[in-house]
Structure formats: structure tokens, C-alpha cells
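Written below as C-alpha cells is the structure these notes are about.
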Amino acid sequence: MTDSLQALEERLESVEGGELVELLIELSLRTCKISPTRACHYAEEALAKAISIGSKLMEADSLEALGRANLGKLTHDQALEHFHSALSIYEELGSKKGIAGVLGCIGQVHYSLGESEAALEYLERSRRLLKELDDRKRLARNLNSTGLVLLGSDKHEEALKYLEESLAAATLENDIETIRSATNNTGIIHYQNDNFKEAIVFFKKAALLSEQCGDLRSLAGNLINIGTGSIRLGDYDEAHEYLNKGFGIAEQSEAWDYMIQGSYSLCELCEKEGDFEKALEPSQNE
């Protein structure tokens, strides 16, 4: 059973040396999505400890964790700096596992910057190593990331191919988070191609998985996507149900981007129903 964050934090006072570095790295990775600033703090502590005990591998692992935290903060230059520093150490040590992981991270930074060609290049380099290592779980995540980059480049047929491969691999590994993400990305492709019924099927599957994982942010996005798709199909009752629920969860989880998306969709729904006075309300609450 995975320890809670509180349990991990309580262990900080009772461990030292390499065990402390590993614990700080785990805390950084676990808090990266919740609070990138907090994740940076843990990774910086881990880096300092790793350097003090002279462990180059732990130094590289700490730099990778710090890069991930900076990516979460959208401080891209710093993320790239830390990832490339980690890459240099992994290459020096001959750690194919470390190289594969950090190459994928660099690809994610380039994707976040809108540099799809560079992102695909680094993801491909990472994927070759993951196949060599037979690391199927991380390969499934790489395939999903590649599909997402291709989706952003409007290469939908190629994206679907990678997402299908990702779903198959993630299902074999029982990697629920990757299954959820790849399912959601597949729904987005169908939505963008006006296959709204098919898109809603995938969004509903992703919503169920998000709920099972306790990922409220993703759940909010999935529900709002279902509601928006229902507007396109003219199913206004279902649109109301999912948009209101999604908006509430987005507010609860402080997912501001989804709150804005939900507000626009609620406005559109009210306009479709001819309730122009009510259509103004969501935007007034932003």
C-alpha cells in the first residue's frame, strides 16, 4: 500500500543519508501536481544532500525531480537546465534507465513550449531506450505523450495510432493513470473531428477512471467535456447535469482553467436555450 504524503513527511526526521535523499525525491514527485513550489523545495533539499554524500546517481535523480517541479511551475528554462544536467550525469554513469526517463522529460518541456518537432525527437529517443529496456509501463506513458504531441499538431490519424498502442500497453501493466489520460486524449480527437457521440463515450470512461484515482482536477475536465459534447448533440438536460457537476468539482479542486472552460460552456448552453439573462451569470462569477 502506498504511504500517504503525511506518513512520508513524518519519516523525514527518522532517516538520513541516501534513504533521506530517496524520500525527498519521492515527496517531490508526489507533490509535483499538487504544489510545484513545494515539490521544488523537496527536490532542492534532495540535491543538496545527494551532493553532500557524493552520490552522482542520486544527484541526477534529484536534478530530474527538480526539473519536473520546474516544468509544473512552467519555468521552462530552469526545467531544461536541470534535465540536461541530469542527462549529462546519467550518460557519464551509463544509466540507460535514467537517460530514457530524462529524454522523455525534455520532450515534455518542448511540448509545453509548443515545439512539437523537438518534443517528438526527444520522445522517440526515449522510446527506443525503453523498448531496449523492456520497460513497458514507461513505454505506455511515452506513447501517450507522443499521441498528445501529435494531437496538438492536428495529426489525428498518427495520434490515434500511438494512443491505441498506449492503451494496450497500459492495460497490460494495469497503469490506471495512463489508461485515463490516453482515453481522454482519444476523446479529444473524436471531439475535434465532430464525432461527439464517440467522444462522450471516451470522456465518460476517463471520468470514471479519474474518480477511481481520486484525481478531481481530471474528473472536472472530463465532466465539462461531456457536458460540452452534449451541447453539440442538442442534449441539454445531460449538458446541464455534467457541466454543473464538473464546474463544482473544478471549483473545489481550484482548477481555474476548467472553471473558465465550464463557464463558457454554461453560457453557451443558456444561449442555446434562449435564457440570455442567465447566460451572463457564469461569466459574472469568474
Side-chain angles (χ1 to χ4, degrees), residues 1-90 93 95 97-109 112 126 135 137-138 140-142 144-145 170 173-178 180-181 209-210 212-220 252-256:
M1 186 175 180
T2 304
D3 290 333
S4 66
L5 284 174
Q6 183 178 352
L8 291 175
E9 288 170 339
E10 288 172 354
R11 286 178 50 204
L12 286 173
E13 299 298 325
S14 61
V15 296
E16 57 185 19
E19 189 178 354
L20 176 58
V21 176
E22 290 176 349
L23 180 57
L24 286 165
I25 291 172
E26 183 176 357
L27 279 165
S28 178
L29 296 175
R30 290 272 296 273
T31 56
C32 196
K33 287 186 178 180
I34 304 168
S35 172
T37 300
R38 188 175 165 195
C40 274
H41 172 72
Y42 286 128
E44 286 166 352
E45 274 196 65
L47 179 59
K49 298 285 185 186
I51 292 172
S52 71
I53 63 175
S55 172
K56 296 296 288 184
L57 181 58
M58 287 185 174
E59 182 181 346
D61 290 343
S62 301
L63 284 164
E64 183 178 344
L66 188 53
R68 288 176 183 270
N70 276 287
L71 177 56
K73 290 174 65 178
L74 300 180
T75 49
H76 298 109
D77 288 345
Q78 289 175 283
L80 283 174
E81 179 183 345
H82 295 309
F83 286 142
H84 280 291
S85 295
L87 180 60
S88 295
I89 297 174
Y90 286 136
L93 297 174
S95 173
K97 180 181 177 181
I99 294 169
V102 82
L103 284 172
C105 291
I106 294 171
Q108 290 176 20
V109 177
S112 185
S126 173
D135 190 337
K137 186 169 185 176
R138 289 203 296 171
R141 295 178 179 181
N142 180 293
N144 179 48
S145 296
E173 295 300 307
N174 195 30
D175 182 355
I176 302 300
E177 171 53 31
T178 302
R180 181 209 63 76
S181 181
L209 291 168
S210 296
Q212 290 174 355
C213 295
D215 187 341
L216 293 182
R217 175 182 167 77
S218 295
L219 177 58
Q252 177 187 344
S253 58
E254 297 185 350
W256 312 121

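If you read the sequence from its start, that first residue is 1, and numbering goes on from there.
Among all heavy-atom pairs drawn from Ser210 and Ser218, the shortest one is OG-CB, 3.5 Å. Closest approach of Ala60 to Ala86, counting heavy atoms only: O-CB, 3.5 Å. Annotation for Gly101 and Arg138: closest pair CA-NH1, 3.3 Å, computed over non-hydrogen atoms. Across every non-hydrogen atom of Ala50 and Ser62, the tightest pair is CB-OG, 4.1 Å. Between Ala170 and Ala140 the shortest heavy-atom distance is N-CB, 3.6 Å. The minimum heavy-atom distance between Ala79 and Val109, with the atom names listed, is CB-CG2, 4.1 Å.
Put simply, NE2 on His82 and CG on Asp77 are 10.5 Å apart, with the number rounded to the nearest 0.5 Å. Distance OG/Ser95 to NZ/Lys56: 13.5 Å, rounded to 0.5 Å. Taking CZ of Arg11 as the start and CD of Glu26 as the end, the distance is 7.0 Å to the nearest 0.5 Å. To the nearest 0.5 Å, atoms CG (Asn142) and CG (Asp135) are separated by 10.0 Å. Atom CG of residue Leu5 and atom CD of residue Glu10 lie 11.0 Å apart, to the nearest 0.5 angstrom. The CD atom of Glu64 sits 11.0 Å away from the CD1 atom of Ile89 when rounded to the nearest 0.5 Å.
A donor and an acceptor atom, one from each side chain of Glu45 and His41, are located under 3.5 Å apart. With no hydrogens or angles considered, a side-chain donor-acceptor pair links Asn70 and Thr75 at under 3.5 Å. Side-chain N/O atoms of Thr178 and Asn144 include no donor and acceptor closer than 3.5 Å.
Taking the side chain as every heavy atom from C-beta outward, Phe83 and Leu66 never approach each other to under 4.5 Å. For the pair Arg68/Ser28, no side-chain contact is recorded, criterion being any heavy-atom separation below 4.5 Å from C-beta on. For the pair Leu71 and Ser112, the minimum side-chain heavy-atom distance is below 4.5 Å. For the pair Tyr90/Leu63, no side-chain contact is recorded, criterion being any heavy-atom separation below 4.5 Å from C-beta on. Inter-residue side-chain proximity for Met58 and Lys49 is flagged as unmet; no heavy-atom pair is nearer than 4.5 Å.
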Quick one, Arg141 with Glu177, criterion salt bridge (Lys or Arg N to Asp or Glu O under 4.0 Å). Give me CA distance, side-chain angles, the key distance, then yes/no.
CA-CA 9 Å; Arg141 295 178 179 181; Glu177 171 53 31; over 6 Å; no

Evaluate the criterion side-chain contact (heavy atoms from CB on, under 4.5 Å) for residue pair Gln212 and Arg180; output intermediate values, then yes/no.
CA-CA 10 Å; Gln212 290 174 355; Arg180 181 209 63 76; over 6 Å; no

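Looking at Ser35, its side chain never comes within 3.5 Å of a backbone N or O of Thr31 through a donor-acceptor pair.
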